[in-house]
Structure formats: structure tokens, C-alpha cells
Amino acid sequence: MRIESSQMRNFINGEFVEPINGRYLDNLEPATGKPYSQAADSDAHDVDLAVTAAEKAFVDWSKKPATERSRFLLRIADLIERDLEKFSRAESIDTGKPISLARSLDIPRAVANFRFFATAILHTESEAHITDNVAFNYTLRQPRGIAGLISPWNLPLYLLSWKIAPAIATGNTAIAKPSELTPMTAYMLCEIAREAGLPNGVLNVVHGTGPKVGAAITAHPKITTISFTGGTVTGRKVAEACAPLFKKVSLELGGKNPNIIFADADFDAAITGSVRSSFANQGQICLCGSRVFVERSAYKNFVERFIERTAQLCLGDPLDEKTEQGAIVNKPQLDKIKFYVDLAQKEGGKIALGGSAPQLPNDRCREGYFFQPTVITDLPVSCRTNREEIFGPVVTITPFDNEEEVIGYANDTDYGLASSVWTQNLNRAHRVAEKIHTGTVWVNCWLLRDLRVPFGGMKQSGVGREGGEEALRFFTEPKNVCIAR
Ligand code: NAD
């Protein structure tokens with residue numbers, strides 16, 4: 001596969017094209033802090049070009065039988081899988097995540113997303129309602145037109161493909177904007193789309209910043225559907241831009257997820273699961289459990305063993321196979337993490353592990369953005385560190401005395417994305433799951449994802465749901481046809 005990775009151009013109407021203004025943004029490698037490529041610094045004019053291409057492509061694409069659309073998506077999945085190593089390496093360089101994580105999670109999940117929606121569209125059902133002997137009604141679900149798909153930097157291909165696959169599978173055409181911090185795998189996906197023979201204009205990718213390209217997508221009157229994943233502050237701006245145009249919007253936003261350990265939990269599983277949910281991808285997964293609550297009788301033992309296990313995590317060059325903790329995505333994110341670790345101490349917290357920059361893994365990484373996995377105890381539940389999203393390798397651990405108290409703690413945040421509960425008591429698991437205000441509750445597990453289930457957040461973690469049937473519905477317009485009998 002040809003990868004012109006030094007200068008990533010936009011992908012519009014099946015061609016790689018220069019941004020109209022000719023400008024490029026430097027793309028840094030987080031592990032080294034140095035630019036290693038450039039991506040188009042596009043603006044509204046490039047979005048206009050993409051809209052023209054997407055509008056034209058929609059005419060044929062939306063009429064193609066589902067079986068044909070399905071074949072294109074399956075081909076894309078096969079080609080990404082063929083290039084698993086290239087994609088994993090690119091994702092690791094671009095994001096700073098350990099290559100082993102990119103290989104085991106991100107890229108296989110992108111493959112699964114394309115396969116899932118390629119086959120889901122072959123098995124959809126249509127509803128019919130019979131109004132006594134007066135009328136027949138049936139629901140036509142039609143593609144909505146051009147979908148604007150905006151994604152963040154933490155799981156770039158995984159999250160973008162989770163939007164692209166259902167959007168185009170259901171007959172829409174798409175304009176995707178990857179994060180300007182991690183554009184590489186989206187760029188590579190365009191090469192794959194071309195190789196798969198995806199008709200021109202069905203998938204367009206416009207690179208650039210949020211205020212220029214993202215805002216142009218949300219403001220464009222011909223882009224009627226917006227699927228956005230990112231921070232809550234940005235999500236608010238997206239909602240504000242879309243509201244006057246009555247766009248259909250899905251917002252997947254930030255989280256401050258509770259991870260609750262009852263004393264009757266399988267302790268080994270709870271420790272292993274909690275270390276993973278706290279520090280996977282350096283804590284930069286929206287679903288990471290950043291607030292750990294432990295029943296008081298088990299608290300001391302849990303903290304000791306959690307710290308022991310966390311201290312063993314291998315921090316290193318993301319490209320090293322042994323690395324379990326890679327780099328933070330950029331300097332502003334690293335500064336944000338440091339800010340919250342300082343704040344936690346001012347709020348009365350005790351740094352039980354980490355809390356600073358580590359010894360740098362090797363000479364190549366001497367200017368990279370690294371931070372030690374950090375454990376903070378003794379913080380009040382309602383302080384800022386425990387309520388605001390940090391999005392880094394920082395967790396707080398707090399004891400609790402009973403079920404009611406911990407449910408109150410878990411819900412004491414504006415976010416409501418996901419939670420984990422560790423207990424052997426089945427009745428308690430059901431009771432607690434029902435009372436926690438999060439879109440997903442994992443019991444005795446974390447990040448187990450069945451692609452058919454609804455996915456999304458409550459409260460300020462989002463609006464709408466993605467996943468299986470929800471995604472197929474989101475990207476289609478239900479039309480009732482009523483026929484008098
Ligand atoms: P971000 O909000 O800064 O950026 C997300 C995307 O929005 C980027 O592509 C960015 O360029 C674009 N953007 C920025 N300003 C825009 C504007 N005015 N209009 C339109 N688009 C704009 O988020 P981030 O820092 O890239 O990602 C981290 C955040 O994403 C965290 O808060 C994390 O919790 C969240 N996230 C949520 C989920 C989820 O499924 N709920 C998944 C992953 C990440």
C-alpha cells in the first residue's frame with residue numbers, strides 16, 4: 001500500500017487533493033515531541049468541495065442494493081485487516097499508545113465495525129402497523145443524505161470507523177473529520193477505500209482543526225446529520241451550531257466514570273480489571289474508570305495491591321512491544337494532567353503512587369510527553385479532581401461504607417458515561433446497576449463491547465446512542481406510509 005504519509009492531503013471525490021489554501025499543520029509524534037508528518041489545514045472551502053462530491057455520490061450510492069454496499073464495506077474490512085501491522089504502527093506513532101494496544105484493540109475493532117455494519121444492513125426489519133380495517137402503515141427507513149462525522153484523537157480509527165461504517169452502510173455519503181492531532185489512520189483508510197473501489201464521493205475526509213473544518217461541517221446546511229465524539233465543551237458548541245438548522249445530532253462526550261469494588265468481589269479479577277480500566281491507553285479512553293470506590297473493609301488491602309500492580313506497568317517507547325504505558329497525546333494534555341495532580345494535593349489528596357514525569361524510556365523519547373500512572377487517595381468525593389474529567393493516567397481511590405453511599409458518590413458528577421461494579425452478589429449487582437446514572441454499567445468486567453448494544457452517555461456525557469440498531473436508525477429517516485384499506 002502506498003502511504004504518502006509525509007503530507008496528508010484531503011480525500012475528496014476519490015482523489016487526494018491539496019487544501020485550497022495550500023496550508024498544512026505539523027503532526028507531532030507524542031513519544032518524541034517532534035513533527036513527523038503534516039496534515040492539510042483545511043477550511044470551509046474544502047468542506048464545500050467535499051459537500052459537492054458527497055451530494056453527487058449520494059444519488060447512486062443511496063440507490064445501491066444493500067448487498068452491494070455491504071460488499072464494499074466487507075472489502076474495506078479485509079484490507080484493513082491485511083494491513084494490520086501498518087495500521088497498528090501508524091496509530092502507535094500518531095497517538096503515543098503502545099503498539100500492542102493498537103494491534104489488539106484499535107485496529108481489530110475498526111475491522112469489526114466495518115464487518116458489523118456490512119452484515120447488519122442485510123438483516124434489518126421493517127415495521128408495519130395495521131389500523132383495524134382502516135389502513136396499513138409501513139415505515140420506510142431512508143438514508144438522510146450527507147453525514148458529518150467528527151472524531152477525537154484517543155481512538156482515532158476505532159471511533160471514526162464506528163461512524164463511517166453505519167453512515168455509508170445505510171446509504172448516506174460521508175464527510176469525516178479526524179482529530180487534527182491524530183490524522184494518520186484516517187488518511188490510510190482513504191487509501192483503503194480507493195483500493196476497495198468505493199465509489200468516488202461516498203467517503204470524503206477533510207483534515208484540519210475543529211474551529212475551521214469541524215465548525216464548517218456543523219454549520220453547512222447540506223450536511224443534515226452530525227455524529228460527534230469529543231469533549232463536553234466542544235459538544236456544546238456543536239449542539240449550538242446544529243440547533244438552528246435542526247440537524248439530527250448524536251453527541252458522545254466526556255466521562256468521569258466510577259469503578260465500584262464491594263468487599264465480596266473476586267479480588268484478583270477486581271484488581272486486574274481496575275488497573276486496566278484506570279490506565280489503558282494512559283487513561284485516555286472516555287470509558288476509563290477514573291474514580292475508584294472500595295468498600296471500607298477491603299479498602300486497605302485493595303489500595304496496597306492496586307498500587308503494587310500499577311507500579312509494575314511497563315512505561316516505555318510506544319513502539320516497544322513490551323510497553324504497557326505509552327505517551328500522552330500532546331503537551332497541552334500533559335499540562336492538564338499536571339494541573340489536576342497539583343490541584344488534587346491542594347484539595348487534600350495524597351499521592352500514593354506516581355504524580356510526576358517518569359524517567360524517559362530511551363533517547364528517542366527524551367522530549368516526549370510521558371506521565372507516571374498516578375494514584376491519589378484521601379480526597380473528598382465532591383472536590384474538583386473527583387468531578388472533572390482529567391483524561392490521563394490519574395485515578396482517585398475512596399472508601400465507602402454502604403451501597404446507598406457509593407451510589408450517591410458514583411452519581412455525584414455531571415457526567416454519566418460508564419461505570420463498573422465488582423461484586424459476587426447478583427442481587428446487589430442488579431440493584432446498583434439500576435441506580436447508577438451511566439449509559440453503560442459493566443459488572444465484573446470493563447470495556448466488553450457487543451456491537452449490537454446501545455452505546456452512549458447520560459447527563460453531560462452525551463445525547464443519543466450509537467451501536468447496532470441505534471446507529472442504523474440514527475443514520476436513516478423513518479417515513480410512515482399510510483395506505484387506506
Ligand atoms: P475535542 O472536543 O477537543 O475534539 C473532538 C473533535 O472535535 C476534533 O476532531 C476537533 O477538531 C473537533 N472540534 C473542535 N472544535 C470544534 C468545533 N467548534 N466544531 C466542530 N468540531 C470541533 O476532544 P478531544 O480532545 O479530541 O478528545 C477527548 C475528549 O473526547 C474527551 O473528553 C473524551 O472523554 C471524549 N471522548 C468521548 C467518547 C465517547 O464515546 N463518549 C469517546 C472518545 C473520547
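The structure presented is a predicted model; accordingly, all values stated were derived computationally and were not measured. We count ligands from 1, going down the list as the structure has it; atoms in each ligand are counted the same way. Computed from heavy atoms alone, side chains included, the values below leave out hydrogens, waters and symmetry copies.
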Run the side chain to side chain contact (heavy atoms under 4.5 Å, CB included) test on Leu343 and Arg384 for me, step by step, so that the C-alpha distance in whole Å, both residues' side-chain angles and the decisive distance to 0.1 Å come before the verdict. CA-CA 8 Å; Leu343 179 69; Arg384 279 184 65 191; 3.7 Å; yes
Is it the case that ligand 1 has an N or O less than 3.5 angstrom from some N or O of Leu253? yes
Just heavy atoms, cut-off under 4.0 Å: does Glu389 contact ligand 1 by side chain, backbone, both, or neither? side chain
Are Asp41 and Lys212 close enough, and set up right, to give a salt bridge (charged side-chain N to carboxylate O under 4.0 Å, His left out), and what steps lead you there? CA-CA 9 Å; Asp41 181 11; Lys212 286 203 276 181; 3.2 Å; yes
The single option from Glu252, Glu466, Lys163 passing side chain to side chain donor-acceptor pair (under 3.5 Å) against Thr229: Lys163
Can you check side chain to side chain contact (heavy atoms under 4.5 Å, CB included) on Leu417 and Cys286, steps first, answer last? CA-CA 8 Å; Leu417 189 55; Cys286 54; 3.6 Å; yes
Show, in sequence, the C-alpha distance, side-chain angles and deciding distance for Asn21 and Asp43, and conclude whether the side-chain hydrogen bond (donor to acceptor under 3.5 Å, both in side chains) test is met. CA-CA 8 Å; Asn21 62 24; Asp43 57 34; 3.2 Å; yes
If we only count N/O pairs under 3.5 Å, is Lys237 in contact with ligand 1? no
At under 4.0 Å between heavy atoms, what of Val233 touches ligand 1? The answer is neither
What pairs meet the salt bridge (charged side-chain N to carboxylate O under 4.0 Å, His left out) rule with one or both residues in residues 98-108, with sequence neighbours excluded? Glu85-Arg103, Lys97-Asp106, Arg103-Glu321
Out of Phe228, Trp153, Phe455, indicate the one that has the non-hydrogen atom closest to atom 25 (O) of ligand 1. Trp153
What part of Leu159 sits under 4.0 Å from ligand 1 if we count only heavy atoms: the side chain, the backbone, both or neither? side chain
For ligand 1, note which part of Ser151 has a heavy atom under 4.0 Å away: side chain, backbone, both or neither. backbone
If I apply the N/O under 3.5 Å rule, does Glu180 come out as touching ligand 1? yes
Under a 4.0 angstrom heavy-atom cut-off, which atoms of ligand 1 come close to Asn154? 43 (C), 44 (C)
When only distance counts, is Gly210 in polar contact with ligand 1, meaning an N/O pair under 3.5 Å? yes
State if Gly462 counts as touching ligand 1 under the rule of any non-hydrogen atom under 4.0 Å. no
As an exercise, identify every atom of ligand 1 less than 4.0 angstrom from a heavy atom of Gly231. 1 (P), 2 (O), 23 (O), 29 (C), 30 (O), 32 (O)
Tell me whether the count of non-hydrogen atoms from other residues, nucleotides or ligands lying under 6.0 Å of NZ in Lys331 goes above 12. no
Kindly give the heavy-atom pair with the smallest separation between Gly235 and Leu251, and that separation in Å. O-CD1, 3.9 Å
Hey, does Thr229 come in under 3.5 Å of ligand 1, counting only N/O atoms on both sides? no
Counting heavy atoms only, name the option from Thr234, Leu181, Ile226 that's nearest to atom 4 (O) of ligand 1. Thr234
Once you restrict to heavy atoms under 4.0 Å, what part of Leu417 touches ligand 1? Side chain, backbone, both or neither. side chain
CD1 (Ile192) and CG (Leu157) are apart, to the nearest 0.5 Å, by 9.5 Å
Tell me, which pairs form a salt bridge (charged side-chain N to carboxylate O under 4.0 Å, His left out) where one or both residues lie in residues 229-246, sequence neighbours left out? none
